[in-house]
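Reading through the structure tokens given below for one structure.
Whatever order the structure lists ligands and atoms in, that order sets their numbers, starting from 1. If you're wondering where the values come from, they're calculated on a predicted model, not measured in any experiment.
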Amino acid sequence: MTLRSSGDTQLNADVSWAAFDPIAYVDHNYRDLQAEDAEILHIVRDHFGDHFRTPPPGPVSGIDVGAGANLYPALAMLPWCDQITLLERSPANVRYLESQVDSYDANWDQFWRVLCKNDVYGALDMDPRAKFRDVVRVRSGNLFDLVHHEGQWSMGTMFFVAESMTTSHKEFARGVECFLRALAPGAPFAAAFMEHSTGYHAGEHFFPACDVGESEVHESLVPFAREFKTTRLKASAALREGYSGMIVAWGRRNSESDIPTG
Ligand SMILES: C[S@@+](CC[C@H](N)C(=O)[O-])C[C@H]1O[C@@H](n2cnc3c(N)ncnc32)[C@H](O)[C@@H]1O
């Protein structure tokens, strides 16, 4: 699908993703654990923990789409995965992610500690840094190309990406579709969205966003997900500028047979 920019629309391909400053972004968002992220971690760890109460029949591969400069979605998938792909378009963020693979920075420990309140994470029989190093692969790429990898991954996350990469509602919905299509039927997923975002800074550069609320998020998931829920966390502080709250969604990828016909 190729969309054209018109008027004030800023499409994903028009944005200077290379100008994304991962260090400024981490300093602003993830240097210290914020209450909203703790709440999201709580939901996601229990969702994945419940799903894998029945042990997986084979190796598990995870993908975090638009990983940027956030390791906590990957940490949330760590106990089950033999491989985790961190897919990212910005070369600056790819470099940041690569710099974290061998031994991630100390600020991520506080996120791991929240996950460890669920026994599955606490019972991991190896140092999370060692497991992260073993399983994580950083991949430079475009999430819209995931259409060529339908059903490839057995679990997935996409945090603050579909609505934070374009002003176009069509591209937002397409982003959600590409993410979910990359997952195998039944695969558990978690996604997070900024609610009614007007755009954001990552360093000096200003990045576009698409104005979505819980109903748009819900609608974008319906064709591709089953047993899913969404919830709204209201903005606790002026942490991430220009938005009214966060929306978390979690569930499972559906399969063709789940879609009613006629
Ligand atoms: C707001 S940041 C979110 C980063 C991170 N997931 C988080 O939770 O903080 C949006 C991310 O999406 C990435 N991105 C934008 N367009 C993309 C695309 N077409 N394919 C893959 N990643 C993309 C950006 O480079 C950036 O890292």
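Here W112 and Y104 keep their ring centres 6.0 angstrom or further from each other. Ring to ring, Y25 and H201 are not that close: their centroids are 6.0 angstrom or more apart. Aromatic rings of W250 and F48 (six-membered ring for Trp) have centroids beyond the 6.0 Å cut-off, not under it.
The parts of N142 lying near ligand 1 are both backbone and side chain, judged by heavy-atom distances below 4.0 Å. Under 4.0 Å from ligand 1, the heavy atoms of N93 that appear belong solely to its side chain. Contacts between P73 and ligand 1 below 4.0 angstrom, taking non-hydrogen atoms only, are absent altogether. Only the side chain of W17 comes within 4.0 Å of ligand 1, judged by heavy-atom distances.
The closest approach between a heavy atom of F207 and any atom of ligand 1 is not below 4.0 Å. The closest approach between any non-hydrogen atom of L87 and ligand 1 is not below 4.0 Å. Using a 4.0 angstrom heavy-atom cutoff, Y30 counts as in contact with ligand 1. Distances shorter than 4.0 angstrom occur between a heavy atom of G141 and an atom of ligand 1.
Of the options A18, G66, A162, S197, the smallest heavy-atom separation from atom 6 (N) of ligand 1 is shown by G66. One option in R89, M158, E163 has a heavy atom closer to atom 18 (C) of ligand 1 than any other, and that option is R89. Checking L143, L71, V26 against atom 20 (N) of ligand 1, the nearest heavy atom belongs to L143.
Under the side-chain hydrogen bond (donor to acceptor under 3.5 Å, both in side chains) criterion, S244 pairs with E195, not counting sequence neighbours. For D109, the salt bridge (Lys or Arg N to Asp or Glu O under 4.0 Å) partners are R129, not counting sequence neighbours.
Heavy-atom proximity to M165, at under 4.0 Å, picks out these atoms of ligand 1: 15 (C), 16 (N). Close contacts of ligand 1 with N12, meaning ligand atoms under 4.0 Å from a residue heavy atom, involve 15 (C), 16 (N), 17 (C), 18 (C), 19 (N). The atoms of ligand 1 that sit less than 4.0 Å from any heavy atom of F159 are 3 (C), 5 (C), 6 (N), 7 (C), 8 (O). The atoms of ligand 1 that sit less than 4.0 Å from any heavy atom of Y25 are 1 (C), 2 (S), 3 (C), 4 (C), 7 (C), 9 (O). Ligand 1 places these atoms under 4.0 Å from at least one heavy atom of S90: 25 (O). Close contacts between ligand 1 and S164 involve ligand atoms 1 (C) [criterion: under 4.0 Å to a heavy atom].
Inspection of the D37 and Y30 side chains reveals no N or O donor paired with an N or O acceptor under 3.5 Å. Between the side chains of Q10 and T167, not a single donor N or O lies within less than 3.5 Å of an accepting N or O.
Counting all heavy atoms, side chain and backbone alike, L143 lies closest to M165 at CD2-SD, 3.9 Å. Residue P223 comes nearest to N254 through the heavy atom pair O-ND2, 2.9 Å, listed as atom of the first residue, atom of the second, then distance.
F189 and F179 have perpendicular rings, their planes meeting at more than 60° on a 0 to 90° scale where under 30° would count as parallel.
Among the candidates W108, F159, F160, the single residue satisfying the ring pair (Phe, Tyr, Trp, His ring centres under 6.0 Å) test with Y72 is F159.
Inclusion of F20 in the set of residues having an N or O under 3.5 Å from an N or O of ligand 1 is not warranted. Among the atoms of Y200, none of the N or O lies under 3.5 angstrom from an N or O of ligand 1.
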